[in-house]
Amino acid sequence: MLEDFVSLKAGDSIVQNGATSIVGQCVIQLARIRGIHSINIIRDRAGSDESKEKLKRLGADEVFSESQLEIKNVKSLLVRWAIFLL
């Protein structure tokens, strides 16, 4: 998936939802190996803080819950995060 749609290189960023799934976890690890930053979205449920920490241990650069994306300025949140990576 990381290679089929666009040419990504080290330093690029991806955003994915469903990050706690096995596929999502694999994407995080593959992105980390290739030097690609991952912004990951997970569902709000019991234990989501633990899930965030697990994904970060796997190599996620950032993990947001769906409720965090309901804020008015999601775009500015992601822009601020992207600038941080530069």
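- With rounding to the nearest 0.5 Å, the separation of CD in E66 from OG in S48 is 10.5 Å.
- Under the 3.5 Å distance criterion, the side-chain polar atoms of Q68 are matched with a main-chain donor or acceptor of S65.
- When all heavy atoms of S21 and G24 are compared, the closest pair comes out as OG-N, 3.0 Å.
- Follow the hydrophobic side-chain contacts under 4.5 Å out from I33 and you never reach I22; the two are in separate clusters.
- In this structure a side-chain-to-backbone donor-acceptor pair under 3.5 Å is present from Q29 to Q25.
- For R43, the salt bridge (Lys or Arg N to Asp or Glu O under 4.0 Å) test picks out no residue, with sequence neighbours left out.
- Here L58 sits in one hydrophobic cluster together with I28, I42, L55, V63; the rule is ILVMFWY side chains under 4.5 Å apart, joined directly or through other members.
- Counting all heavy atoms, side chain and backbone alike, S51 lies closest to T20 at CB-CG2, 4.0 Å.
- Not one N or O on the side chain of N40 forms a donor-acceptor pair closer than 3.5 Å with the backbone of A19.
- Through ILVMFWY side-chain contacts below 4.5 Å, F5 is grouped with nothing and stands alone.
- With respect to D61, the salt bridge (Lys or Arg N to Asp or Glu O under 4.0 Å) criterion is satisfied by exactly one of K52, K56, R32: R32.
- For the atom pair L30 CG and I14 CD1, the distance stands at 9.0 Å (nearest 0.5 Å).
- Contact between S38 and A60 at its shortest, heavy atoms only, is OG-CA, 3.5 Å.
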